[in-house]
Every structure is written in structure tokens, then in C-alpha cells.
Amino acid sequence: MTQREFMLDLPLSPVPKHEVLDTGAAVLRGHAAMQATDMLAGIKQIARLSPFRRMTTAGGGMMSVAMTCCGAAGWCSDARGHRYETHDPMTGQSWPALPTAWRAWATDAARLAGYDGFAPDTCLINGYRPGARMGLHQDDDERTDAPVVSVSFGLPAMFQWGGLQRTDPVRRIPLLHGDVVVWGGLSRLVFHGIAALRAGQHPVTGPCRYNLTFRRVW
DNA sequence: TAGTTACA
DNA sequence: GAGC
């Protein structure tokens with residue numbers, strides 16, 4: 001049972017570096033619940049090849065979220081900044097393949113949210129433990145003509161959805177196991193993040209939250 | 001600035 | 001929350 005629960009509209013003001021038309025993010029409550037078992041098993045497989053690791057940011061800080069990737073491109077950050085890499089710097093190998101079934105599923109989820117023809121070439125996998133957080137940022141490293149499809153599993157998290165300026169007011173949206181958020185166009189440049197994860201126990205993931213984001217990089 | 005810390 |  002899928003539904004677009006709500007649309008978040010943005011102010012039409014400053015238009016940064018990209019030409020854009022649409023302005024919202026859609027939340028599909030529980031849309032990935034049926035995929036949980038399969039996707040979590042897939043994550044385990046992927047992590048055997050490219051383990052979860054905590055990356056460093058340009059400022060020298062260490063991220064609290066543990067990450068890995070699959071697909072043609074992997075998001076990497078170190079003291080020099082962040083970019084996409086074709087190979088996992090930790091192993092020297094290509095990133096694990098993006099499972100075919102995941103790709104098809106993400107295409108469908110994007111379509112439900114109003115984005116036809118989404119063909120992701122990567123999936124970033126984030127692992128959250130209690131206290132882990134994702135600071136406010138924009139998704140401006142990928143192709144701007146494709147949406148981002150974000151899937152949540154495990155412990156609840158508080159999604160922060162701000163505006164085009166870092167200092168814009170932030171809306172807080174709880175994301176639960178199986179929830180999917182889709183955004184594209186102008187909303188790629190909306191500052192967003194995840195508040196520090198509250199400790200807890202989830203029947204499927206235990207003390208963790210996992211987030212998958214499907215993207216088109218190349 | 002996908003970061004942490006200091007201070008009002 | 002603002003500033004770096």
C-alpha cells in the first residue's frame with residue numbers, strides 16, 4: 001500500500017547553479033517494508049566485500065555514520081573533500097554490484113513519486129548507531145536530472161528538511177522502518193540531514209538504522 | 001559545512 | 001543558533 005503522504009514545497013527564490021522545475025520531496029510511508037528482509041540481506045553481502053567504514057570530512061572531522069556503497073560509483077570523503085570513485089579506496093576493488101532487483105525497485109519508487117525513467121547507477125548505504133547523525137548538506141554531487149530515492153530500515157530517525165540556505169528553518173519528519181523519501185530537481189539543493197539517532201531496539205535490525213540512497217551519478 | 005567547538 |  002503506497003501513498004504519497006505529503007509534499008514539501010520550497011520557496012521559489014534564489015536559483016543556484018541548476019535549472020530546475022519542481023520543488024518537493026515525497027514521503028512514501030512504509031513503501032519498502034516488504035523489501036526489508038531482502039535488502040538487509042543484500043547489505044550484509046555488500047558489506048562483506050566493501051565493509052562499512054567511517055569517513056573523514058574535509059575539515060578533518062570524522063563522520064559518525066558508517067558507510068559503504070554499491071554500483072558504478074561510490075561516495076567517498078577524506079581530508080581532501082568528497083567525490084565519487086569507481087573503486088573502493090579501502091579495498092582497491094570495484095564497488096560491489098548494485099543488485100538488479102534493487103535498481104528496478106528504485107525505478108518504481110521514483111515513478112510513484114512522479115519521476116519517470118529513474119535509472120540509478122549507485123546506492124549509498126549508511127549505518128547508524130545510537131548517537132550517529134548526518135549534518136545538514138545538499139545533494140549536489142550527482143546528476144541533477146535524476147531524483148534521490150532514500151529508504152529507511154530499523155530504528156526511527158528524525159529527518160531534517162530545511163531550505164536552500166543552511167540557516168533556513170528546518171522541518172523535522174520522523175522516518176520509520178520501511179519509509180521512503182524521494183526528491184529531485186530544486187529540492188536536491190535543500191539542506192537536509194538526520195538528527196542524532198536515539199538508542200533503541202528494533203525487531204529487525206536491533207540497535208541500528210540503515211539508510212539506502214539510490215542515485216544517478218554518471 | 002555529509003565536520004566539531006565555543007559562546008550568547 | 002550563529003560562525004568558522
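Reminder, nothing fancy here: chain letters follow the sequence lines and each chain counts from 1.
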Tell me what [X] touches on the nucleic acid: a base, only sugar-phosphate, or nothing, going by heavy atoms under 4.0 Å.
X	value
Met55(A)	nothing
Met134(A)	base
Asp141(A)	base

Quickly work out the [X] [atom1] to [N] [atom2] distance and round it to whole Å.
X	N	atom1	atom2	value
Met62(A)	dA2(B)	CE	C1'	14 Å
Trp75(A)	dA2(B)	CH2	P	7 Å
Arg54(A)	dG3(B)	CZ	P	11 Å
Gln160(A)	dA2(B)	CD	P	14 Å
Met67(A)	dA2(B)	CE	P	11 Å
Leu136(A)	dG3(B)	CG	C1'	12 Å
His192(A)	dA2(B)	NE2	P	10 Å
Arg133(A)	dT4(B)	CZ	C1'	9 Å

*With under 30° as parallel and over 60° as perpendicular, where do the rings of Trp161(A) and Trp183(A) fit, or are they tilted in between?*
perpendicular
*Report the C-alpha separation of Leu186(A) and Leu164(A) in whole Å, then their side-chain angles, then the decisive distance to 0.1 Å, and conclude whether the side chain to side chain contact (heavy atoms under 4.5 Å, CB included) test is met.*
CA-CA 9 Å; Leu186(A) 219 209; Leu164(A) 296 174; 3.8 Å; yes
*Would you please test Asp88(A) and Arg53(A) for salt bridge (charged side-chain N to carboxylate O under 4.0 Å, His left out) and show each step?*
CA-CA 11 Å; Asp88(A) 179 354; Arg53(A) 81 295 303 266; 2.7 Å; yes
_Thr68(A) (side chain) donor-acceptor with Ser50(A) (main chain) under 3.5 angstrom_ = yes
*Got a donor-acceptor contact below 3.5 angstrom from the Trp75(A) side chain to the Met67(A) backbone?*
no
Could you go over nucleotides 1-4 of chain C and give all protein N or O partners under 3.5 Å, atom names and distances?
none

*Go through DNA chain C and write down every stem, that is, every run of at least three consecutive Watson-Crick or G-U wobble pairs with distances under 3.5 Å, as range with range.*
none
_So, taking the atom named CZ in Arg188(A) and the one named CD in Glu142(A), what distance separates them when rounded to the nearest 0.5 Å?_
5.0 Å
*Listed by chain and number, what are the ring pair (Phe, Tyr, Trp, His ring centres under 6.0 Å) partners of His202(A), not counting sequence neighbours?*
His177(A)
*Could you walk me through whether Asp78(A) and Arg83(A) pass the salt bridge (charged side-chain N to carboxylate O under 4.0 Å, His left out) check?*
CA-CA 9 Å; Asp78(A) 58 26; Arg83(A) 66 267 162 193; 2.5 Å; yes
*Presence of salt bridge, Asp139(A) and Arg215(A), under 4.0 angstrom*: yes
